[in-house]
Amino acid sequence: MGVFKKEKIYPGQHNLQTIIQEFTQYLQNDGWKVQQRTEGNIAIIQAQKGGILRDIFAADRALQFSFEQTPEGLKVTVGIGKWVQNLAVTAVEAIIYLPLLAVDIPEMLWTQHVESKLMKELDRIVSST
């Protein structure tokens with residue numbers, strides 16, 4: 001098993017709160033269960049989806065998007081993380097800097113497909129803010 005993780009930097013300064021709100025809304029409209037938290041220049045979104053996801057993912061796993069505004073730009077890291085109950089009261093730093101989970105091949109292939117679709121939407125949102 002390997003760790004599924006992708007990282008992308010969007011150059012420049014971005015309105016993190018607007019990006020998080022718009023991306024969260026997109027995920028919810030697409031049927032994802034979403035929780036998010038922003039603290040200062042970092043944020044995290046965790047997303048789970050029923051159906052096929054339930055068959056592939058363990059119940060405690062979620063797609064995890066972490067965002068950090070750095071001097072180089074907005075750094076976004078996407079991977080599989082542990083679903084954190086009540087993310088709203090959890091310190092974002094504690095989750096963002098935890099290692100992402102190892103995943104098996106079928107899960108990784110499915111996740112790459114989903115991640116590609118979701119990253120295209122994130123690209124659109126960031127470019128419009």
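Sequence positions, counted from 1, serve as the residue numbers for this chain. Remember, predicted model here, so these are calculated numbers, not experimental data.
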Report task. Nearest 0.5 Å please: distance from the CG atom of Leu27 over to the CD atom of Gln48. Result -> 12.5 Å
**Report entry** Point-to-point distance, once rounded to the nearest 0.5 Å, from CD of Glu7 to CD of Glu68
**Finding:** 9.5 Å
Query raised in the report: Would you call Ile45 and Phe67 a side-chain contact if the rule is heavy atoms closer than 4.5 Å?
Result: yes
Requested in this report: Taking the side chain as every heavy atom from C-beta outward, state whether Tyr26 and Leu118 have any pair of such atoms under 4.5 Å apart.
Outcome: yes
Query raised in the report: Is Tyr10 close to Ile19 at the side-chain level, that is, under 4.5 Å between some pair of heavy atoms?
Result: no
Query - Under 3.5 Å: donor-acceptor pair, side chain of Gln69, backbone of Gly12 - result: yes
Query - CE on Met119 to CZ on Arg124, rounded to 0.5 Å - result: 13.5 Å
Report task. State, with a plain yes or no, whether a side-chain heavy atom of Glu121 is found less than 4.5 Å away from one of Asp30. Result -> no
Requested in this report: Examine the side chains of Thr70 and Glu72 and answer whether a donor and an acceptor come within less than 3.5 Å of each other.
Outcome: yes
Report summary line: Interatomic distance, NZ@Lys75 vs CG@Asn41, rounded to 0.5 Å, equals 11.0 Å
Report summary line: Sorted by chain and number, sequence neighbours left out, side chain to side chain contact (heavy atoms under 4.5 Å, CB included) with Gln21 holds for Gln17
Requested in this report: To the nearest 0.5 angstrom, please state how far the CG atom of Asn29 sits from the OG1 atom of Thr24.
Outcome: 10.5 Å
Query raised in the report: Which pair of heavy atoms, one from Gln13 and one from Pro71, lies closest together, and at what distance?
Result: NE2-O, 4.4 Å
Query - salt bridge (charged side-chain N to carboxylate O under 4.0 Å, His left out) against Lys8, all qualifying residues, sequence neighbours excluded - result: Asp123
